[in-house]
K.L.:
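My structure is below; once you've seen it, I'll send some questions.
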Amino acid sequence: MALPKENLEEFLKKNKGYKVLKRLEDTTIIKLPNGELLKVLDKELLLTIKDTGYDLERRLDEADSFTSFKNFSIPTRKLEHNGRISAYTMPNFPGINFTDYYVDIFNLKKYAKTHAQIEENIKKGNELGLVFPDLCTTENIIIMEDGKVYFIDYDGIQIKDMPAVGYSTFLGSPDSVLTPKYYNEKKGLFTKELDIKSAIFLYFVDVFGVNLSVANTINPYTGKKVTLDYIFSMINLQAPSIQHKVWKLFQEQEKNEFLGDDMYILAEKYNLMPDMPDASLKNL
């Protein structure tokens with residue numbers, strides 16, 4: 001069943017009392033009286049989406065495929081302006097975006113519960129044919145008051161055979177992201193392996209204060225390569241299983257693995273330590 005389609009101007013007239021929440025560089029987010037959100041995309045972003053080979057309307061027509069994904073903001077209607085679909089409505093998850101979400105970072109058990117949900121959301125999305133190349137733009141992750149994790153940003157992700165608009169540069173240079181392991185150049189599609197990389201990169205920057213994209217690059221101050229072993233020693237990471245999973249991220253022939261239960265094992269170890277070594281989690 002296709003999403004209902006309405007005229008944007010007429011829709012706004014019917015929804016008097018709406019409130020503009022954000023005016024971003026390429027979109028405007030409006031809160032409607034019934035609590036839903038309206039996302040209006042500017043011409044440039046609409047053209048960028050169309051350049052992928054599938055315009056916004058074609059993407060929105062796939063929304064019904066993802067209704068079983070309860071922790072994902074699924075569009076509810078499409079709206080046209082001047083004969084072109086340029087906006088859509090979606091449920092409002094009134095939480096805190098992950099960029100502004102802070103937990104007691106020394107309570108790694110608490111953080112693991114949040115990160116485990118991120119991993120589960122990725123797995124569910126992947127099962128349905130979604131890939132989240134921009135996941136490390138953490139405004140696309142919402143944490144609710146009860147701790148539940150939701151993903152948003154439907155128009156920007158990879159939907160089945162519809163390429164994503166882009167990817168998070170947090171993951172590294174194009175040379176390290178647009179490789180056969182992470183990107184099918186012929187199809188113009190990212191692989192599910194990239195989502196696991198994103199999840200682990202998020203974990204390391206939040207827990208250890210380290211962006212793993214520095215691995216195997218040259219430190220401009222020392223002129224030496226930043227190895228994984230050096231990173232592990234700097235953050236006092238003594239967890240062989242997690243080290244191995246990080247190592248896999250940089251190997252073209254190795255399948256990536258989510259952190260899974262290793263997060264809780266690590267939390268037990270660090271929570272038993274009465275005092276953290278001097279900035280051991282934040283050395284880099």
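Because only heavy atoms are used, hydrogens play no part in the values below, and waters and symmetry mates are left out as well, while side chains stay in.
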K.L.:
Parallel, tilted or perpendicular for Phe151 and Phe69, by the 30°/60° rule?
P.N.:
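Geometry flag for Phe69 against Phe151: perpendicular rings.
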
K.L.:
Would a 4.5 Å heavy-atom cut-off, applied to side chains only, mark Asp262 and Tyr203 as touching?
P.N.:
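SC-SC contact between Asp262 and Tyr203 ruled out.
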
K.L.:
With a 4.5 Å limit on heavy-atom distance, are the side chains of Ile141 and Leu202 in contact?
P.N.:
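Yes - at least one pair of side-chain heavy atoms lies under 4.5 Å apart.
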
K.L.:
Can you find a pair of side-chain heavy atoms, one from Arg84 and one from Lys43, that are under 4.5 Å apart?
P.N.:
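Counting from C-beta outward, Arg84 and Lys43 do come under 4.5 Å.
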
K.L.:
Check whether any side-chain heavy atom of Lys110 lies under 4.5 Å from a side-chain heavy atom of Lys113, and answer yes or no.
P.N.:
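Sidechains of Lys113 and Lys110: no contact.
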
K.L.:
Is there a side-chain contact between Tyr54 and Ile159 (heavy atoms, below 4.5 Å)?
P.N.:
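No, their side chains stay 4.5 Å or more apart.
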
K.L.:
Any sub-3.5 Å donor-acceptor pair from Asn219's side-chain atoms to Val226's backbone N or O?
P.N.:
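Checked: no pair found.
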
K.L.:
Is there a path of hydrophobic side-chain contacts, each under 4.5 Å between heavy atoms of I/L/V/M/F/W/Y residues, joining Leu135 to Leu189?
P.N.:
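No, Leu189 does not connect to Leu135 through the hydrophobic network.
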
K.L.:
Could you tell me whether the side chain of Ile242 reaches within less than 4.5 Å of the side chain of Phe232, counting heavy atoms only?
P.N.:
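Phe232 does not reach Ile242 side chain to side chain.
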
K.L.:
With hydrophobic residues grouped by side-chain heavy-atom distances under 4.5 Å, do Phe170 and Tyr101 end up in a single group?
P.N.:
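Cluster IDs for Phe170 and Tyr101 match.
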
K.L.:
Side-chain donor-acceptor pair under 3.5 Å between Tyr182 and Asn256, yes or no?
P.N.:
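The criterion, which ignores hydrogens and geometry beyond distance, is satisfied for Asn256 and Tyr182.
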
K.L.:
Please work out whether the ring planes of Phe132 and Phe72 are parallel, tilted or perpendicular, with thresholds of 30° and 60°.
P.N.:
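Correct class here is perpendicular.
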
K.L.:
Do the rings of Phe208 and Phe204 sit parallel, tilted or perpendicular, given the 30° and 60° boundaries?
P.N.:
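Ring orientation of Phe208 relative to Phe204: tilted.
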
K.L.:
Applying the 4.5 Å side-chain criterion to the ILVMFWY set and letting contacts propagate, would Ile49 and Leu38 be lumped into a single cluster?
P.N.:
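Not linked; separate clusters.
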
K.L.:
Tell me whether Glu25 at atom CD has more than 12 heavy atoms from other residues, nucleotides or ligands lying less than 6.0 Å away.
P.N.:
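Open.
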
K.L.:
Could you tell me if Ser213 and Asn211 have a donor-acceptor pair between their side chains, going purely by distance under 3.5 Å?
P.N.:
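Yes, a side-chain donor-acceptor pair sits under 3.5 Å.
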
K.L.:
Does Asp42 form a salt bridge (charged side-chain N to carboxylate O under 4.0 Å, His left out) with Arg23? I'd like the steps, not just the answer.
P.N.:
CA-CA 11 Å; Asp42 73 1; Arg23 293 190 187 275; over 6 Å; no

